[in-house]
Amino acid sequence: AHTTHLNDRVIREPAVMRRQVDHHLARARAIGRRASTQARATVWESVVAVERAVSTLYPNVTIDIVGDRSAQVRVERQDLDEMLGNLVENAAKYGHGRVFVTVDAPAGGKVAIQIEDDGPGIAQAPREELFTRGKRLDTTGKPGTGLGLAIVRDVAEIYGGSVALDESEDLGGLLITLSLPEAPKLV
């Protein structure tokens, strides 16, 4: 009986995850359409909140934050928290103990947030595969759905932003740049 229950759960969970993902993206699309006038979040506040949460999960990881404390983006705070939470948690999970987050000052109408880790990095060829929903390059058995980066990119693009993967020159691992539209200054 226990095996049947487990099999039912294994079959049910991906469907539940897909529904949750679809719901989240639909919500983000609706918010994204009106984001140009209403949505506003201070990146630094979001990064600090995410750093606290991730540090609780990964107490042996040092997360350093530098950059522009006043930069604001045209994104709902909850969506910004979810995108950054996903990226910073991945950096903590796959790195060797150091994560570096840089919030760039707005330039060209965008704010760039860079997340770097000291992990093994990812060869250039399979990087794009990380954006495929359900695709995982990790074979270590660490928990995760493989939906993370795909959702981050989907939500970023809904808001007019982007996600790019590169190699961290400073730490040697992965460098992810989340670029989001700057919120206009309040007069």
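These numbers were taken from a predicted model, which means no experiment stands behind them.
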Between D166 and L174, does a side chain to side chain contact (heavy atoms under 4.5 Å, CB included) hold up when you go through it step by step? CA-CA 6 Å; D166 212 330; L174 193 62; over 6 Å; no
Using the side chain to side chain contact (heavy atoms under 4.5 Å, CB included) rule, take L84 and I115 through it: C-alpha gap first, then chi angles, then the decisive distance, then the call. CA-CA 9 Å; L84 289 173; I115 298 99; 4.3 Å; yes
Please test V152 against L87 for side chain to side chain contact (heavy atoms under 4.5 Å, CB included), starting from the C-alpha separation and ending with a verdict. CA-CA 8 Å; V152 170; L87 298 176; 4.1 Å; yes
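Taking Ile, Leu, Val, Met, Phe, Trp and Tyr as members and joining any whose side-chain heavy atoms lie under 4.5 Å apart, directly or through other members, the hydrophobic cluster of F100 also contains V66, L171.
Under the rule for a side chain to side chain donor-acceptor pair (under 3.5 Å), the partners of N90 that lie at least two apart in sequence or sit in another chain are N86. Taking A112 as the reference, D104, T177 meet the side-chain contact (heavy atoms from CB on, under 4.5 Å) condition, with sequence neighbours excluded. Looking at residues two or more places apart in sequence or on another chain, you find no side chain to side chain donor-acceptor pair (under 3.5 Å) involving R69. For the salt bridge (Lys or Arg N to Asp or Glu O under 4.0 Å) test, residues two or more places apart in sequence or in another chain that qualify with E182 are K185. Qualifying side chain to side chain donor-acceptor pair (under 3.5 Å) partners for S70, counting only residues two or more places apart in sequence or in other chains: D68. Listed by chain and number, the residues in a side-chain contact (heavy atoms from CB on, under 4.5 Å) with S179 are K110, S162 (sequence neighbours excluded). Applying the side chain to side chain donor-acceptor pair (under 3.5 Å) rule to T42 yields the partners Q72; only residues at least two apart in sequence or on another chain are considered.
Residue pairs meeting the salt bridge (Lys or Arg N to Asp or Glu O under 4.0 Å) criterion with at least one member in residues 44-64, sequence neighbours excluded: E45-R77, D64-R98. The salt bridge (Lys or Arg N to Asp or Glu O under 4.0 Å) contacts involving residues 168-179 comprise nothing, where partners must be two or more places apart or lie in separate chains.
Put simply, V111 and L175 are part of two different groups of oily side chains (I, L, V, M, F, W, Y) that touch within less than 4.5 Å, one to the next.
Residues A39 and V75 come closest through the heavy atom pair CB-C, 3.6 Å. When all heavy atoms of S55 and I63 are compared, the closest pair comes out as OG-CD1, 3.9 Å.
One side chain, E116 or S168, offers a donor N or O that lies under 3.5 Å from an acceptor on the other.
With values rounded to the nearest 0.5 angstrom, M83 atom CE is found 7.0 Å from Y159 atom OH.
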